[in-house]
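Pasting a structure below so you can have a look.
Letters go in sequence order (proteins before strands), and every chain restarts at 1.
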There are 2 protein chains.
Amino acid sequence: MSSQRLLLISSSQVYGHEYLGHCLPEIVSFLRPDKPDILFIPYAKKDHDAYAATICAGFKRAGLRVKSIHRTDDPVRAVQQAQAIYTGGGNTFLLLTTLYTLKLLDPIRERVRQGIPYMGASAGSNIAGLTIQTTNDMPIIYPPSFEALGLVPFTINPHYIDPLPEELQAGETRAERIHEFHEWNNNPVVGLRNSGMLLIENDSILIKGEAGVSLFRKAQPPQEFVPGDRLDFLLK
Amino acid sequence: MSSQRLLLISSSQVYGHEYLGHCLPEIVSFLRPDKPDILFIPYAKKDHDAYAATICAGFKRAGLRVKSIHRTDDPVRAVQQAQAIYTGGGNTFLLLTTLYTLKLLDPIRERVRQGIPYMGASAGSNIAGLTIQTTNDMPIIYPPSFEALGLVPFTINPHYIDPLPEELQAGETRAERIHEFHEWNNNPVVGLRNSGMLLIENDSILIKGEAGVSLFRKAQPPQEFVPGDRLDFLLK
């Protein structure tokens with residue numbers, strides 16, 4: 001996977017920032033110097049027109065041009081010709097199911113492996129992993145499989161949060177849920193806190209953003225990493 | 001469904017109470033006067049022995065006898081002969097998948113419709129609904145379907161929580177997630193706060209416990225109900 005370039009963003013909305021505000025500088029830096037047109041994948045939400053309008057407006061602030069895939073005649077060809085891809089957040093089950101229905105998983109995989117930059121936020125980051133099995137979303141649609149793009153050899157938990165004060169905690173903590181995942185599955189899980197991002201280039205994974213990462217591996221205690229740390233060992 | 005008796009508990013663990021402490025009096029009241037032996041369904045967790053030991057000890061405090069289904073030779077027959085059922089919490093996808101694998105959904109449905117008391121906590125309450133599509137759990141196992149027991153004509157969101165203070169909220173609020181569900185599905189959703197329970201007998205649904213319920217219906221604003229209120233209209 002050495003020619004891949006991915007920017008996996010935990011959340012498009014971070015407390016204290018306007019929508020996309022915390023990650024737009026990183027996106028601009030990731031796309032430089034050529035600022036290619038971005039193909040937007042809005043399938044994690046139902047109202048594609050409204051979603052595309054929001055994203056176009058957000059990206060325009062940074063001088064980036066966006067075309068939404070739902071406005072193209074042939075989504076597969078749109079991916080094959082894309083110069084950059086941004087997949088937005090929403091519901092991960094809905095997103096994955098739509099990608100299966102439109103037969104877009106293989107074309108996206110191929111295009112990213114050819115070297116075009118892939119960006120995702122929340123559900124859009126989640127599907128870059130091996131499966132969607134560490135999503136926080138409700139299973140509102142039954143997908144044909146939980147297998148996702150597998151661009152990285154782990155699964156992602158977006159919006160990772162540490163345990164809340166006990167009186168606010170309702171149900172299992174996020175770490176407990178990931179532990180349950182590891183009772184049945186072997187893949188490492190990257191818990192990406194809300195303002196965190198992973199920049200993946202060549203054989204390196206660099207933690208960007210304002211918050212660190214909790215890395216969960218089966219039968220091991222979680223490990224903490226901070227922005228600036230690398231997780232390259234996950235790609236070996 | 002007029003002969004059904006169900007006690008659907010949001011959580012076995014509530015802040016300020018010992019394990020099962022907030023619901024044991026309600027369970028005893030629900031089972032009186034005969035205190036039948038309870039068939040425990042531990043499939044929402046991996047370690048059935050440990051889980052059964054915990055539940056047996058908890059219920060013993062209230063003078064209740066429990067036998068775990070995983071200790072029986074024939075789970076289907078155990079359900080057919082059960083005098084009462086308690087399904088524990090854990091991971092809803094794991095629980096439902098195991099019920100499908102062991103072909104237990106129909107036997108449980110039939111037995112409950114014959115009138116034996118059914119109790120569930122968290123995942124065990126969730127599967128009493130039409131589907132598991134408003135679970136909070138991670139999809140750690142791929143089930144053959146999201147359809148559940150359908151003992152009640154709605155879906156349940158256990159551990160329902162109101163939006164957190166903005167600086168603690170990571171990702172969508174629970175209400176936003178249920179709104180996404182209703183963009184694709186029509187069933188009412190009962191958001192059962194952590195210390196809440198539903199007592200369903202004949203044609204009535206009574207809210208028990210210490211916390212109220214948020215009721216979500218498609219394209220309608222959520223409605224709030226408090227302990228002592230009835231939701232009988234959901235059964236019409």
Side-chain angles (χ1 to χ4, degrees), chain A residues 10-16 44-47 89-94 97 122-123 131-147 155 157-162 164-172 174 176-185 189 192-195 211, chain B residues 10-16 44-47 89-94 97 122-123 131-147 155 157-162 164-172 174 176-185 189 192-195 211:
Chain A
S10 178
S11 181
S12 51
Q13 185 65 66
V14 169
Y15 179 69
K45 298 199 180 189
K46 186 169 191 179
D47 187 339
N91 184 283
T92 310
F93 293 87
L94 171 59
T97 302
S122 190
T131 73
I132 63 161
Q133 290 177 282
T134 51
T135 177
N136 312 304
D137 293 339
M138 287 183 182
I140 64 174
I141 305 267
Y142 185 71
S145 165
F146 291 156
E147 282 184 35
T155 76
N157 178 244
H159 313 293
Y160 180 77
I161 46 170
D162 297 292
L164 294 170
E166 227 179 309
E167 67 276 14
L168 288 180
Q169 188 70 47
E172 294 87 342
R174 195 66 60 82
E176 286 167 346
R177 295 184 186 284
I178 294 170
H179 175 75
E180 288 175 353
F181 168 81
H182 275 142
E183 288 188 318
W184 298 92
N185 303 278
V189 179
L192 200 53
R193 288 185 180 75
N194 228 29
S195 55
Chain B
S10 178
S11 181
S12 51
Q13 185 65 65
V14 169
Y15 180 69
K45 298 198 180 191
K46 186 168 192 180
D47 187 339
N91 183 283
T92 309
F93 294 86
L94 171 59
T97 302
S122 189
T131 73
I132 63 162
Q133 290 177 283
T134 51
T135 177
N136 313 304
D137 293 338
M138 288 181 182
I140 63 173
I141 305 268
Y142 185 71
S145 164
F146 291 154
E147 282 184 36
T155 75
N157 178 244
H159 314 293
Y160 180 76
I161 45 170
D162 298 292
L164 293 171
E166 225 178 311
E167 66 276 16
L168 288 179
Q169 188 69 46
E172 294 87 343
R174 196 65 60 82
E176 286 168 346
R177 296 184 185 284
I178 294 171
H179 175 76
E180 288 175 354
F181 169 81
H182 274 143
E183 288 188 318
W184 297 92
N185 303 278
V189 178
L192 201 53
R193 288 185 180 76
N194 227 29
S195 55

(Q) Below 4.5 Å, heavy-atom pairs only: which of A:Ser12, A:Ser10, A:Gly90 has the largest tally toward chain B? (A) A:Gly90

Q.
Applying ring-ring contact (aromatic ring centres under 6.0 Å, His included), can you list everything that pairs with A:Phe181, at least two apart in sequence or on another chain?
A. none

Q. Roughly how far apart are B:His182 NE2 and A:Ile140 CD1, rounded to 0.5 Å?
A. 11.0 Å

Q. Rounded to the nearest 0.5 Å, how far does CD1 of A:Ile141 lie from CG of B:Asn185?
A. 6.5 Å

Q: Under 4.5 Å heavy-atom distance to chain B, tell me which part of A:Thr134 shows up: side chain, backbone, both or neither.
A: both

Q) Under the side-chain contact (heavy atoms from CB on, under 4.5 Å) criterion, do B:Met138 and A:Asn157 qualify, and how do the steps go? A) CA-CA 10 Å; B:Met138 288 181 182; A:Asn157 178 244; 3.5 Å; yes

Q. With A:Thr92, which residues qualify under side chain to side chain donor-acceptor pair (under 3.5 Å), at least two apart?
A. A:Thr135, A:Asp137

Q: Give me the ring orientation class for A:Phe93 and B:Phe93: parallel if the planes are under 30° apart, tilted from 30 to 60°, perpendicular past 60°.
A: parallel

Q. Which answer fits A:Ile178, side chain, backbone, both or neither, if we ask what part of it has an atom under 4.5 Å from a heavy atom of chain B?
A. both

Q: Decide yes or no for B:Glu172 and A:Asn91: does some side-chain heavy atom of the first lie under 4.5 Å from some side-chain heavy atom of the second?
A: no

Q | B:Tyr142 and A:Tyr142 aromatic ring geometry - parallel, tilted or perpendicular at 30°/60° bounds | A | parallel

**Q.** Distance, nearest 0.5 Å, that separates CG of A:Asp47 from CD of B:Glu183
**A.** 8.0 Å

Q: Go through B:Lys46, B:Lys45, B:Arg193 and name the one with the most non-hydrogen pairs under 4.5 angstrom from chain A.
A: B:Lys46

Q. In terms of heavy-atom pairs under 4.5 Å with chain A, which of B:Pro143, B:Ser122, B:Gly89, B:Ser11 leads?
A. B:Pro143

Q | Residue among A:Pro144, A:Ser195, A:Pro158 with most heavy-atom pairs under 4.5 Å to chain B | A | A:Pro144

